[in-house]
Amino acid sequence: MLEELNCCVVSPTYNNASTLEQVLTDVSRYVSHIIVVDDGSTDDTTSILARLQTDMLEKADDGTVLEVIRIPKNSGKGFALRKGFEQALISGYQYAITIDTDGQHFADDIPAFAQMIKKYPGSLIVGARNMQQDGVPGKSSFGNRFSNFWYKLETGIKLPDTQCGFRLYPIKLMSAMRFYTSGYEFEIESLVRAAWAKRPIRWVPVKVYYAPDEDRVSHFRPFLDFMRISILNTVLVLITFLWVKPREIVRRLRWSSFKRFFRREFSRQTQSPLRIASSAGFGVFMGIVPIWGYQLIVGLTLAHFMKLNKTIVFLTANISIPPMIPIILYISFLVGGWIIGEQTASVSINTISMDYVKYNLYQYLAGSVVFAVSAGILIFLVVWMAVWFSRKKSA
């Protein structure tokens with residue numbers, strides 16, 4: 001089936017001599033072309049691969065080919081995967097299954113990927129491990145939950161496992177993408193970028209084996225690699241809310257689609273008027289509250305935990321678009337002057353500037369918080385009554 005689907009296997013490896021041979025032997029039972037990328041190994045990896053190549057050549061009647069790419073200096077898992085994909089494309093493949101050589105994954109799950117890609121051509125398919133089973137390290141379980149949360153925030157897609165290295169990539173369809181990461185974080189970047197490019201993302205359950213601590217070989221550096229992944233997620237979130245989401249909104253800016261969007265989000269029967277109104281009021285509050293530059297990130301993160309409608313929160317938080325900013329600042333100063341009384345600075349909408357805000361910061365902060373709360377409550381009441389009356393009328 002993999003031959004028919006034009007699919008090979010790409011296996012990055014780095015100092016996994018103890019498990020390498022068994023993994024590749026098992027994989028060779030399911031696929032005829034394996035590309036191993038030796039990422040600067042310093043153990044017996046080179047000699048093991050040379051022997052396996054000879055053995056497979058002697059048994060050429062089964063059609064299995066083991067191709068080895070040697071990277072002189074360890075450059076990271078992402079770099080190794082990209083080199084393997086380049087070679088797979090040169091060889092004419094459309095898909096590549098990736099499997100690590102540390103023995104955590106089982107080759108007999110490969111047919112599940114083949115069945116899934118046959119059913120959903122062009123998809124990126126991710127293996128989903130059972131992270132609740134015995135023997136799963138606590139740091140792996142936490143890291144997976146952490147990654148899943150950020151992935152959903154960045155793409156709107158819920159996946160059970162965003163860190164599994166057992167995957168099927170549509171390498172030909174993704175060949176035009178330019179990737180920037182070279183370490184473990186490449187697997188997150190590729191998932192997010194595929195989702196942004198509207199590639200279907202699917203998953204299949206896979207088995208996983210975690211060796212005892214004394215036998216486990218891991219090249220994941222907890223502090224450094226977690227830091228790199230965190231930085232990547234920060235960048236991806238910024239791109240999501242500063243470019244990807246606004247771009248999608250602009251693309252849909254037709255009056256008919258706007259009416260459908262409004263009707264769907266604000267009149268959705270599966271959501272209560274209270275939830276819809278709370279989302280709208282909270283979005284307006286976040287759009288006015290004085291945390292400029294972080295309003296959307298903080299607002300959408302809190303909306304996730306508060307189980308609000310994130311689309312409505314995003315839409316209403318954009319009350320702070322540039323044309324509205326002077327008006328928001330002006331009203332905030334007026335409200336702040338009413339609060340602090342005698343120390344009020346006179347203000348007109350023409351004198352509003354960042355320097356003015358700086359020199360009258362207390363008045364602005366006090367006024368903007370009260371204004372944000374008041375506007376949020378007002379919008380909550382207006383939206384709640386509008387949705388309630390609309391549903392009562394249509395009932």
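Using cut-offs of 30° and 60° on the angle between ring planes, the pair F186 and F179 is perpendicular. Between W150 and F146, the ring planes lie perpendicular to each other; the angle is over 60°, past the 30° to 60° tilted range.
The closest side-chain donor-acceptor pair between N309 and S279, if any, does not fall under 3.5 angstrom. Residues S368 and S332 bring no donor and acceptor atom of their side chains to less than 3.5 Å of each other. Side chains of Y209 and H105: a donor-acceptor N/O pair is absent below 3.5 angstrom, by distance only.
Checking side-chain atoms of Q104 against main-chain N and O of V208 turns up no donor-acceptor pair under 3.5 Å. Checking side-chain atoms of Y14 against main-chain N and O of T42 turns up no donor-acceptor pair under 3.5 Å. At least one donor-acceptor pair closer than 3.5 Å links the side chain of D161 to the backbone N or O of C164. Between the Q53 side chain and the L66 main chain, a donor and an acceptor come within less than 3.5 Å of each other. S47 places a side-chain N or O within 3.5 Å of a backbone atom of D44 that can act as its donor or acceptor partner. No donor-acceptor distance shorter than 3.5 angstrom exists from the side chain of Q94 to the backbone of K172, with no hydrogens or angles considered. Under a 3.5 Å cut-off, the side chain of N15 and the backbone N or O of D43 do form a donor-acceptor pair. E189 contributes a side-chain N or O that, together with a main-chain N or O of Y180, makes up a donor-acceptor pair within less than 3.5 Å. With hydrogens and angles ignored, the 3.5 Å screen pairs no side-chain donor or acceptor of T181 with any backbone N or O of G183. Proximity of a side-chain donor or acceptor of N148 to a complementary backbone N or O of T162 within less than 3.5 Å is detected.
Atom OG of residue S11 and atom CD1 of residue I34 lie 7.0 Å apart, to the nearest 0.5 angstrom. The distance from the CG atom of L153 to the CG atom of L236 is 10.5 Å, given to the nearest 0.5 Å. Interatomic distance, I157 CD1 to W196 CH2, rounded to the nearest 0.5 Å: 11.5 Å. Distance CD1/I297 to CE/M286: 10.5 Å, rounded to 0.5 Å. Taken to the nearest 0.5 Å, the OG1 atom of T64 stands 12.0 Å off from the CG atom of D55.
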- request: Any chance you could lay out the side chain to side chain contact (heavy atoms under 4.5 Å, CB included) test for S374 and V370, step after step, and finish with the verdict?
  value: CA-CA 6 Å; S374 303; V370 173; 4.0 Å; yes
task: Begin with the C-alpha distance, continue with both residues' side-chain angles, and end with the deciding distance and a verdict on ring pair (Phe, Tyr, Trp, His ring centres under 6.0 Å) for F113 and Y95.
output: CA-CA 11 Å; F113 287 90; Y95 299 100; over 10 Å; no
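When every heavy atom of R199 is checked against every heavy atom of P170, the shortest pair comes out as CD-CG, 4.3 Å.
Only one option out of V37, I35, V10 pairs with Q87 in a side-chain contact (heavy atoms from CB on, under 4.5 Å); it is I35.
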Which atom pairs, donor and acceptor, lie under 3.5 Å between side-chain atoms of residues 68-78 and protein residues at least two apart or in another chain?
{"from": "R70", "atom 1": "NH1", "to": "D38", "atom 2": "OD1", "distance (Å)": "3.4"}
{"from": "R70", "atom 1": "NH1", "to": "D38", "atom 2": "OD2", "distance (Å)": "2.4"}
{"from": "R70", "atom 1": "NH1", "to": "S41", "atom 2": "O", "distance (Å)": "3.4"}
{"from": "R70", "atom 1": "NH1", "to": "T46", "atom 2": "OG1", "distance (Å)": "3.4"}
{"from": "R70", "atom 1": "NH2", "to": "S41", "atom 2": "O", "distance (Å)": "3.3"}
{"from": "N74", "atom 1": "ND2", "to": "D39", "atom 2": "O", "distance (Å)": "3.0"}
{"from": "N74", "atom 1": "ND2", "to": "D39", "atom 2": "OD2", "distance (Å)": "2.9"}
{"from": "S75", "atom 1": "OG", "to": "K73", "atom 2": "O", "distance (Å)": "2.8"}
{"from": "K77", "atom 1": "NZ", "to": "D100", "atom 2": "OD1", "distance (Å)": "3.0"}
{"from": "K77", "atom 1": "NZ", "to": "D100", "atom 2": "OD2", "distance (Å)": "3.1"}
{"from": "K77", "atom 1": "NZ", "to": "E187", "atom 2": "OE2", "distance (Å)": "2.9"}

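Other residues, nucleotides and ligands contribute only 12 or fewer heavy atoms inside 6.0 Å of the NZ atom of K83.
The stretch residues 107-121 participates, sequence neighbours left out, in these side chain to side chain donor-acceptor pair (under 3.5 Å) pairs: D108-K207, D109-K207.
You'll find the ring centres of F149 and F305 inside the 6.0 Å limit.
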